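Read through the structure below, which is laid out as structure tokens, and then see the notes.
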Amino acid sequence: MTVGVRIWHRVLGMTLTRCRHDRGLTTRQAAARLGMSPATLNRSENATRPFDPVEVGAALATYQPSRAERARVPALAQGPRTSGWWAVGGIPQVHEDAVMALEDTARSVIEFSATEIRVVAQIPHYTRALCWNRRGEEQAALARACRRHRTLLNPTQPDRTIVLDEALLRRPVGGPTAMAQQLRHLLALTRGRSITVRVIPVKEGGYRCPGNCAIYRIIDKPTVAHLWSHAASGLLDDPSDTRPIEGSMTDLLSIAVTPNDSLDLLNRLAADHERTAGLYP
């Protein structure tokens, strides 16, 4: 089985498993309705045996998911047959759905962005400011951010580490007031949640940047890496592809300051933006 088929089957299995859970069905109950053994259904949900198109249709009929979910599953069922799972033109909805499915099953997430604070932690002012030259994309960007924010409300969310560059945090996206609010929001997210922020200080000088990437570690399953930009998006799960990305992330963490020092730096930078905005002397 090629890399692309494997990651595609895994995300399809995760999505249909979530639909089954939402319907309140056990594996045994669902298997009886689908006309297959519980062991076969379990293998399909875990991507060791792929769902065939007839089984996907039967699962949708049995689970009766929401209209949005019914639209997502066929797109997954028609996934790629090539190495990796790549899309040109930003992050398509099917990749967004895949990322959310991965977060539902991951035990930990480590993510790094070279150009902007991760969408899961953005406030609306910051999201809008990123669309300054593409106002037609603003509503779609806000909707995407809203969907990702819901991940942080999940009590079973994975341990999340967000790695950021100090230079990125100094850039007043949306103006100093909005940037101060964004940094205060980021600080608030670390309280009472399994979220850690690590900042790479400017004093470290240059380093090899892996680009925007996230690593999803899943119990008893291969690690998945997501690479993205405004031009393309790729999901990888072959160890030969993910190991170099994990190595790059390890290098970034080795030069980032400690979690406590990162929070202190975020506080200082937020105060700097507030002073620039004239909020206090």
Side-chain angles (χ1 to χ4, degrees), residues 6-22 42 45-47 69 72 76 85 91 93-114 116-123 144-164 185-200 210-228 233-239 241-254 256 258-260 262-263 266:
R6 184 161 61 246
I7 181 62
W8 157 54
H9 281 141
R10 286 177 65 185
V11 175
L12 176 60
M14 292 173 188
T15 303
L16 288 178
T17 301
R18 185 174 65 246
C19 291
R20 174 173 63 77
H21 288 162
D22 290 345
N42 186 65
E45 290 184 345
N46 287 285
E69 204 76 85
R72 294 186 189 115
L76 292 172
W85 187 2
I91 306 177
Q93 186 59 53
V94 69
H95 276 206
E96 277 290 317
D97 294 340
V99 166
M100 295 184 75
L102 289 168
E103 289 189 336
D104 282 342
T105 56
R107 62 178 173 83
S108 69
V109 179
I110 306 176
E111 46 198 345
F112 170 78
S113 177
E116 60 191 50
I117 290 173
R118 290 293 294 120
V119 63
V120 73
Q122 290 176 10
I123 63 171
R144 174 174 170 248
C146 183
R147 285 195 301 272
R148 295 301 305 281
H149 291 170
R150 296 190 193 116
T151 300
L152 301 181
L153 301 177
N154 186 344
T156 61
Q157 69 166 299
D159 292 337
R160 184 183 300 272
T161 299
I162 301 174
V163 186
L164 299 167
H185 175 70
L186 194 57
L187 284 163
L189 289 178
T190 65
R191 302 186 192 114
R193 294 184 177 90
S194 54
I195 298 174
T196 302
V197 175
R198 299 287 300 276
V199 179
I200 301 172
N212 302 323
C213 60
I215 296 169
Y216 298 89
R217 294 193 173 108
I218 303 167
I219 297 174
D220 299 328
K221 294 288 187 300
T223 293
V224 176
H226 184 206
L227 307 177
W228 73 92
S233 173
L235 288 160
L236 306 168
D237 72 340
D238 189 285
D241 294 322
T242 58
R243 271 195 298 267
I245 302 169
E246 290 186 276
S248 294
M249 194 69 80
T250 299
D251 290 342
L252 294 179
L253 290 171
S254 73
T258 66
N260 284 338
S262 294
L263 295 182
L266 280 172

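Values in this document were obtained by computation on a predicted structure and should not be read as measured data.
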All salt bridge (Lys or Arg N to Asp or Glu O under 4.0 Å) counterparts of R198, not counting sequence neighbours: none
If you take all heavy atoms of D241 and P244, which pair is closest and at what distance? O-CD, 3.4 Å
Hey, are the side chains of V109 and D159 touching, using non-hydrogen atoms and a 4.5 Å cut-off? no
Does L266 reach the side chain of V197, with side-chain heavy atoms less than 4.5 Å apart? yes
Applying side chain to side chain contact (heavy atoms under 4.5 Å, CB included), run through L187 and L263 and close with a yes or a no. CA-CA 7 Å; L187 284 163; L263 295 182; 3.7 Å; yes
Verdict with reasoning, R18 to D104, per salt bridge (charged side-chain N to carboxylate O under 4.0 Å, His left out): CA-CA 9 Å; R18 185 174 65 246; D104 282 342; 3.2 Å; yes
Spatial distance of atom CG (L253) from atom CZ (F112) [nearest 0.5 Å]: 10.5 Å
Starting at OH of Y216, measure out to OG of S108 and round the result to the nearest 0.5 Å. 11.0 Å
Show your working on side chain to side chain contact (heavy atoms under 4.5 Å, CB included) between R160 and V120 and close with a plain yes or no. CA-CA 11 Å; R160 184 183 300 272; V120 73; 4.1 Å; yes
Show your reasoning for whether side chain to side chain contact (heavy atoms under 4.5 Å, CB included) applies to H226 and S233. CA-CA 7 Å; H226 184 206; S233 173; 2.9 Å; yes
Any donor-acceptor pair under 3.5 Å from S262 side chain to V199 backbone: yes
When you check the side-chain N and O atoms of R147 and Q93, is any donor under 3.5 Å from an acceptor? yes
Lys/Arg-Asp/Glu bridge criterion (N-O < 4.0 Å) met for R10, D237: yes
Spell out, as yes or no, whether a donor-acceptor pair under 3.5 Å connects the side chain of Q122 to the backbone of I117. yes
Write down the atom of I162, the atom of R118, and the distance for their closest heavy-atom approach. CG2-CG, 4.3 Å
Which atom of A106 lies closest to which atom of P158, heavy atoms considered: O-CB, 3.2 Å
Looking at I245 and I215, what are the two nearest heavy atoms and their distance? O-CD1, 3.9 Å
Mind checking what makes side chain to side chain donor-acceptor pair (under 3.5 Å) contact with T156, not counting sequence neighbours? N154
Nearest 0.5 Å, what's the CG-CD1 distance between L186 and I195? 8.5 Å
Between CD1 on residue I91 and CG on residue N212, distance to nearest 0.5 Å: 8.0 Å
Applying side chain to side chain contact (heavy atoms under 4.5 Å, CB included) to Q157 and L152, what does each step give before you reach the verdict? CA-CA 7 Å; Q157 69 166 299; L152 301 181; 3.7 Å; yes
The reported gap from CG in D97 to CG in L12 (rounded to nearest 0.5 angstrom) is 12.0 Å
Give a yes or no on whether the ring-centroid distance for W85 and H95 is below 6.0 angstrom. yes
Minimum side-chain heavy-atom gap I7-V224 below 4.5 Å: yes
The reported gap from OG1 in T15 to CE in M100 (rounded to nearest 0.5 angstrom) is 10.5 Å
Between I218 and T105, the two heavy atoms sitting closest are CG2-O, 3.7 Å
Please give me the minimum heavy-atom distance between E103 and R148, naming the atom from each residue. OE2-NH2, 2.9 Å
Which pairs count as salt bridge (Lys or Arg N to Asp or Glu O under 4.0 Å) when at least one residue sits in residues 216-226, sequence neighbours excluded? R217-E246
